[in-house]
Structures are given as C-alpha cells and as structure tokens.
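The structure under discussion appears below in the form of structure tokens.
Just so you know, these numbers come straight off a predicted model, no measurement behind them. Each chain gets a letter, A, B and so on, in the order the sequences are listed, and its residues count up from 1. Quick note: numbers below take in every heavy atom, side chains included, and nothing from hydrogens, waters or symmetry partners.
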2 protein chains.
Amino acid sequence: MDTPPVRWLTEEQQRHWRSFLDGSARLTEVLGRQLEQDADLSLSEYEVLVRLSEAPERTLRMSLLADSLAHSRSRITHTIRRMETRGFVERRACAVDGRGVNCSMTALGFARLEAAAPGHVEAVRTHLVDALSEEQLRALGEALAAVHRRLGEA
Amino acid sequence: MDTPPVRWLTEEQQRHWRSFLDGSARLTEVLGRQLEQDADLSLSEYEVLVRLSEAPERTLRMSLLADSLAHSRSRITHTIRRMETRGFVERRACAVDGRGVNCSMTALGFARLEAAAPGHVEAVRTHLVDALSEEQLRALGEALAAVHRRLGEA
DNA sequence: ACCGGGTAGTTGCGAGTTCAAGCATCGGCT
DNA sequence: AGCCGATGCTTGAACTCGCAACTACCCGGT
C-alpha cells in the first residue's frame with residue numbers, strides 16, 4: 001500500500017518542458033505588449049474581436065466566446081463589460097434562450113480590429129512564424145493540438 | 001511612400017498559431033490548478049522554489065530570479081514578500097553590492113518543494129510528456145528555444 | 001402545474017500583476 | 001572628492017482575473 005516511485009523527467013524532457021514554459025510566456029508577453037502599445041488592446045480583447053468578426057452576424061453567445069478562448073465565464077463577463085463601455089461590442093438578450101446573452105461587435109469594434117490586425121500579424125510573423133521553419137511551426141501546432149485533445153479526454 | 005501590403009498568415013499558419021495560443025493557455029492552467037490544489041502553491045511560486053533549490057547555497061539575487069523566470073522585478077518582489085511571510089524563503093542584503101538582495105530558500109520551503117514535486121511531475125507527464133511522442137516533445141522544446149533566441153536578438 | 005437539478009450569466013471580493021514613481025547604491029568621469 | 005546616469009529593489013495604486021454566491025431561466029419527470 002505504498003506510493004509508487006516517482007517517475008521523474010529525464011534531463012532532456014525537463015529542458016524541453018522548461019523551454020516551453022519560458023518561451024511561451026515570453027512570446028505571449030511581447031505580443032501582448034505590441035498590441036497594447038500600438039492598438040490599446042489586450043491580447044484577449046483582440047481575440048474576442050477576432051472570434052466575433054468570424055461569427056455569423058458578428059455575434060456570439062457569451063459562453064461560446066468563453067469556451068472558444070478557454071476563458072472562465074466570469075472573465076468573459078468582465079472583459080466584455082469593459083469592451084462594452086469602450087463601444088467595441090454590445091450585448092442583448094438572446095431571443096431563443098432567456099438565459100443567454102448575445103454579444104456582437106460594433107462598427108467601432110470592427111474598425112479597431114482592422115487597425116490592429118496588420119501590426120499584430122507582423123509581430124506574430126517576426127517572433128514566431130519567421131523564427132521557425134515550416135516543419136517546426138507545424139510540429140508546434142500539432143503538439144499543442146495533441147495536448148488539447150488529451151486534456152479534453154479527462 | 002505608402003505602407004507595404006500586409007503579409008497575412010496562411011490558413012495553416014493561423015491554425016498552428018491558434019493551437020499554440022490555446023493549448024499553452026489550457027496546459028498551464030491545469031498545471032497551475034493541480035499545484036494550487038495539491039500543494040497550495042502557484043506555478044510561479046513553485047518555479048521560484050525550483051530555481052532556488054538548484055542554486056548554490058540555495059540562494060539567488062532577486063534580479064536573477066526575475067530574469068530566469070521572465071518575470072518583472074516588481075512581480076518578483078511581491079511574490080517573494082508573500083513567500084517570505086509564509087516562511088518559504090528569506091531575504092538578506094547582499095554583502096558585495098549594497099543595492100542587491102539575496103533570496104534563499106528555508107528548510108520549510110525545501111520541504112514544501114519536495115512535497116509538491118511528485119504530483120507536479122506526474123501532471124506534466126500526464127498532460128504533456130506522455131501526450132506526445134519523443135520527437136514531438138523535442139520539436140516543441142526546440143521550437144520555443146528558437147523563439148526565445150529570436151526574442152533575445154532584438 | 002410544479003418541483004428539482006442543471007445551465008447561462010453576473011456580481012463582489014480577494015489574490016496577483018503591472019505600471020509609474022521613488023529610494024539607495026554603484027561606478028565612471030572630471 | 002563630487003557629480004550623474006544607470007542599476008537593484010521596493011512601494012502603492014490601478015487593473016485583471018478567479019472563486020463562490022447569486023439570480024434567472026430551461027427542461028425533464030411526476
């Protein structure tokens with residue numbers, strides 16, 4: 001009835017894991033900073049706008065927004081409330097489900113996204129896409145897709 | 001004198017970039033949650049303890065701690081202050097540089113790290129290492145190492 | 001029709017992070 | 001020696017986010 005021995009990581013596994021932790025933190029940090037400075041948007045606000053811009057009617061339910069961004073519901077509520085006071089989005093009750101709330105992007109929000117996108121894409125290129133070979137980028141994406149699938153199985 | 005056309009990402013590049021953003025957020029989230037619940041430590045507190053445990057005398061300057069974790073100086077100050085009140089670390093003035101502060105891990109801090117490590121390593125295995133092939137993990141680590149190098153060149 | 005458990009979203013508060021400002025020290029220069 | 005910009009670290013306020021509690025609504029079973 002004793003605990004099984006700990007299966008520590010090899011030195012190499014540890015190195016990769018730390019590279020990931022460190023690199024991803026730094027990467028999202030510089031991308032967030034770029035957006036903040038050039039477009040006065042946080043990375044999550046930007047992503048909210050992107051999701052809305054791709055949705056039919058440029059409108060999404062709060063919970064879909066939350067799920068697709070992997071954010072908590074309360075986080076989305078807070079974020080959207082702030083964006084609403086800035087005039088980028090608006091909320092209205094959902095007709096088919098009395099509990100639901102539809103969030104849609106305003107023209108102002110769309111304009112802000114259009115203004116922010118080129119600089120952001122350029123930054124993603126500089127710091128990620130162009131820093132890697134095609135294979136590396138694919139491997140990176142697929143690895144994290146696998147991680148995501150695994151998480152979903154729980 | 002007009003701006004060059006935006007070099008948008010291909011659909012595939014976009015997919016990989018989003019996988020990365022999404023997957024890394026979810027991964028660090030579950031790992032942080034595991035630590036929080038099982039060991040009452042945040043992921044950054046855990047990493048502070050790891051760095052200290054590996055340092056000579058189990059002691060590091062505040063700024064080295066900050067740099068090695070890619071955290072802001074004020075973030076480290078706050079984190080260490082909280083950990084100090086919990087008895088995990090202590091600070092004392094640096095002898096050779098009057099401005100510096102040495103942070104060292106206490107026995108209590110070391111014990112806490114030892115208690116937390118097995119569960120954390122197990123979680124890293126479950127959600128990352130065992131979810132990927134050896135090549136995938138290596139590719140992941142190397143990709144982010146490359147990103148890190150590129151960031152340093154700026 | 002009504003309960004009851006589950007879902008959608010919001011709210012207040014506490015914990016953590018950033019930002020700007022500040023203090024002390026260092027080290028090169030005159 | 002004395003200045004002065006740079007470095008190391010801290011502080012307090014503003015802000016973001018998670019948690020738990022709450023309201024409102026949906027839907028299945030009775």
Restricting both atoms to N or O, compile the protein contacts to nucleotides 16-19 of chain D shorter than 3.5 Å, with distance only.
| from | atom 1 | to | atom 2 | distance (Å) |
| --- | --- | --- | --- | --- |
| dC17(D) | OP1 | R75(A) | NE | 3.3 |
| dC17(D) | OP1 | R75(A) | NH2 | 2.9 |
| dC17(D) | OP2 | R82(A) | NH2 | 2.6 |
| dG18(D) | OP2 | S72(A) | OG | 2.9 |
| dG18(D) | N7 | S74(A) | OG | 3.1 |
| dG18(D) | O6 | H78(A) | NE2 | 2.7 |
| dC19(D) | OP1 | R33(B) | NH1 | 2.9 |
| dC19(D) | N4 | S74(A) | OG | 2.9 |

How many whole angstroms separate atom CG of L60(A) from atom C1' of dG9(C)?
15 Å
Between P on dT10(C) and CG on N102(A), what's the gap in Å once rounded to a whole number?
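From N102(A) CG to dT10(C) P: 11 Å.
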Salt bridge (Lys or Arg N to Asp or Glu O under 4.0 Å): pairs with one or both residues in residues 106-127 of chain B, sequence neighbours excluded:
R125(B)-D130(B)
Is E84(B) reaching over with its side chain to a backbone N or O of R91(B), donor-acceptor style, under 3.5 angstrom?
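Side chain of E84(B) to backbone of R91(B), a donor-acceptor pair under 3.5 Å: yes, one is there.
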Quick test: give all pairs of protein nitrogen or oxygen and nucleotides 25-29 of chain D nitrogen or oxygen below 3.5 Å, distance rounded to 0.1 Å.
| from | atom 1 | to | atom 2 | distance (Å) |
| --- | --- | --- | --- | --- |
| dC26(D) | OP1 | G98(A) | N | 2.9 |

Enumerate the side-chain hydrogen bond (donor to acceptor under 3.5 Å, both in side chains) contacts for residues 23-33 of chain B, please, sequence neighbours excluded, ordered by first and then second residue.
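Only H148(A)-R26(B), D22(B)-R26(B), E29(B)-R33(B) qualify under side-chain hydrogen bond (donor to acceptor under 3.5 Å, both in side chains).
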Qualifying ring-ring contact (aromatic ring centres under 6.0 Å, His included) pairs with a residue from residues 2-60 of chain B, counting only residues at least two apart or across chains
Y46(B)-H120(B)
Per the ring-ring contact (aromatic ring centres under 6.0 Å, His included) rule, what does the pair list look like for residues 47-69 of chain B, sequence neighbours excluded?
none
Which atoms form the tightest heavy-atom contact between S42(B) and E36(B), and what is the distance?
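Closest pair (atom of S42(B), atom of E36(B), distance): CA-OE1, 3.6 Å.
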Have a look at E45(A) and tell me which of R81(A), R75(A), R86(A), R51(A) forms a salt bridge (charged side-chain N to carboxylate O under 4.0 Å, His left out) with it.
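Answer to the salt bridge (charged side-chain N to carboxylate O under 4.0 Å, His left out) test with E45(A) among R81(A), R75(A), R86(A), R51(A): R86(A).
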Under-4.0 Å side-chain N/O to phosphate OP1/OP2 contact, R91(A) with dT10(C)
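Answer yes for this pair, as a side-chain N or O of R91(A) is under 4.0 Å from OP1 or OP2.
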Taking for G100(A) and for E36(A) the nucleotide of DNA chain C with the nearest heavy atom, the one nearer the 5' end belongs to G100(A)
